[in-house]
2 protein chains.
Amino acid sequence: MTTEEKIIKAAEEVFIEQGYDGARMQEIADRAEINKAMLHYYFRSKDMLFEKIFEEKVKVVFPTISEQMKSYEGFTDKVCFFIEQYYEILIKYPFMPFFVISTINRKDDKHFIDKLPFGFIKEIFFESFFSDLQSGKIREVNPFQFAISVMGMSVFPFLTRPAMKKLIGINDEQFQMLMQQRIEELKNYVRLILIPTNHA
Amino acid sequence: MTTEEKIIKAAEEVFIEQGYDGARMQEIADRAEINKAMLHYYFRSKDMLFEKIFEEKVKVVFPTISEQMKSYEGFTDKVCFFIEQYYEILIKYPFMPFFVISTINRKDDKHFIDKLPFGFIKEIFFESFFSDLQSGKIREVNPFQFAISVMGMSVFPFLTRPAMKKLIGINDEQFQMLMQQRIEELKNYVRLILIPTNHA
DNA sequence: AAATGATTTAACCAAATGGTTAATTTTTGA
DNA sequence: TCAAAAATTAACCATTTGGTTAAATCATTT
């Protein structure tokens, strides 16, 4: 493991746990078991190190689901598949949503928003939406609002994990199980919302 | 306006905008137009000042909706009413959700979770749930998962406001309008999920 | 008006923090 | 083998930050 890799691994941990403001360069150095000067030697400043980590991590959270997505024809199926794939990632990286959201909400530095791959979301949620709407395969919902809802339902428990765990009284393992079950539940909700009732 | 009130107002602003770590005592003093020593005179330390603000603000975000909630009989109606009331508060205080979530996610200090009024949520979502389920008035959904979903759909756009605005390309005013429209959309989703289709 | 207590201020402090530097060790390539 | 380049370290630095203090001002009561 090279020094650079050690730094990135440690920086990931610390930034994700503590956020930009809470993170300390010394702590990153300690966890990487290297001299603090190395951080600046490899990444110049705290800002540039953070930037690097954020870009790297965003690539993980918003992966190229869209590729596989194309094999699904209908909008409903696409959304359901998205939930499945997204949850696989979320369960693997449960701290990611809070990291991303706390970063894009930083008062002074709003430029991180531009690093989010919006195209990806648009592709998933709007591509087959209108054709399915016209052919009557889905109900008349607002695509924006619906997209926000699916994202919100998916991500919210991960943003409130500490509170969730306390509210329901569970540990990390049980939380993970609950999230696993949640996939089917959410897919069910999506179908109930989208698929019209056939008044035979 | 007393000095104490000036401090609280300024501290609210700064803590909500910058978070605990990002907030500076000097900036709070500047905005309140008082000497920094007054902050410690009235609230001893940054921690105690923050505690005060958090407690105060939580009372606003989780108000006594539950009282009015009781006049609604059915579970579906209760949830719809909750969304209405909750959105009134959210539109008024759009920064609150991020403030609360970033606080309960603080690594070192997880005790803020205990200050959240969980009872309130339980009351709303579980009280009439089971009776309505047994009488067949609502579909068989998991009450936990459903509660998380409603909360998530409601709160998510406020957590991602800066990104939302950029994604859809709107300003603050338009965002507020979008959220106003969202109330009906969400109530619709809730009904579609909960109310069973009558197979006549 | 004087004494008392509460409030406010300016100056100060120690610790922490991001960042630098000059010297040292390790690696590399001719 | 040896010099140049790259990597690493310890010590250091300027600034910022939460917090303190002692003196000054203001308000209240007698």
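We name chains A, B, ... by the order of the sequence lines, and we start the count at 1 in each one.
- Where Tyr42(B) and Arg44(A) meet DNA chain C, the nucleotide closest to each residue was compared, and Tyr42(B) sits on the side nearer the 5' end.
- Checked by atom type, the side-chain pair Gln26(A)/Asp30(A) shows a donor-acceptor distance below 3.5 Å.
- Under the 4.5 Å side-chain criterion, counting only non-hydrogen atoms from C-beta, Lys57(B) is in contact with Ile53(B).
- Between the CD atom of Glu33(A) and the P atom of dA7(D) there is a distance of 20 Å, rounded to whole Å.
- Atom NE2 of His40(A) is separated from atom P of dC12(D) by 19 Å (rounded to the nearest Å).
- No contact: Phe43(A) has no heavy atom under 4.0 Å from any strand.
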| task | Would you mind building the protein contact string for nucleotides 11-16 of chain C? One character per nucleotide, 5' to 3', B for base within reach (heavy atoms under 4.0 Å), S for sugar-phosphate only, - for untouched. | result | ------
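- Under a 4.0 Å N-O distance rule, the pair Glu73(B)/Lys78(B) does not qualify as a salt bridge.
- Under the 3.5 Å distance criterion, with hydrogens and angles disregarded, no donor-acceptor pair is assigned to the side chains of Asn35(B) and Tyr41(B).
- A salt bridge links Lys9(A) to Glu13(A): one of the charged nitrogens lies within less than 4.0 Å of a carboxylate oxygen.
- Rounding to whole angstrom units, CG of residue Leu49(A) and P of dT17(C) are separated by 16 Å.
- Atom CD of Gln26(A) and atom P of dC12(D) are 16 Å apart (whole Å).
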Run the side-chain donor-acceptor check on residues 87-99 of chain A: report pairs under 3.5 Å with partners two or more places apart or on a different chain.
from	atom 1	to	atom 2	distance (Å)
Tyr87(A)	OH	Ser154(A)	O	2.7
Tyr87(A)	OH	Arg182(A)	NE	3.1

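- The side chain of Thr3(B) places an N or O atom within less than 4.0 Å of a non-bridging phosphate oxygen (OP1 or OP2) of dT8(C).
- The CD-P distance, from Gln18(B) to dT17(D), rounds to 11 Å in whole Å.
- The side chain of Tyr41(B) places no N or O atom within less than 4.0 Å of a non-bridging phosphate oxygen (OP1 or OP2) of dT9(C).
- Here the P atom of nucleotide dG18(C) and the CZ atom of Phe15(A) are 9 Å apart, to the nearest Å.
- No side-chain donor-acceptor contact under 3.5 Å links Arg191(A) to the backbone of Thr76(A).
- You'll find that the side chain of Lys46(A) is closest to dG18(C), out of dG19(D), dG18(C), dT8(D).
- Atom CE of Met38(A) is separated from atom P of dT26(C) by 13 Å (rounded to the nearest Å).
- Here Ala29(B) lies out of heavy-atom contact (under 4.0 Å) with every strand.
- Nucleic acid contact for Met25(B): sugar-phosphate only, since backbone atoms but no base atoms lie under 4.0 Å from a heavy atom of the residue.
- In this structure, CD of Glu27(B) is placed 14 Å from P of dT16(D), rounded to the nearest angstrom.
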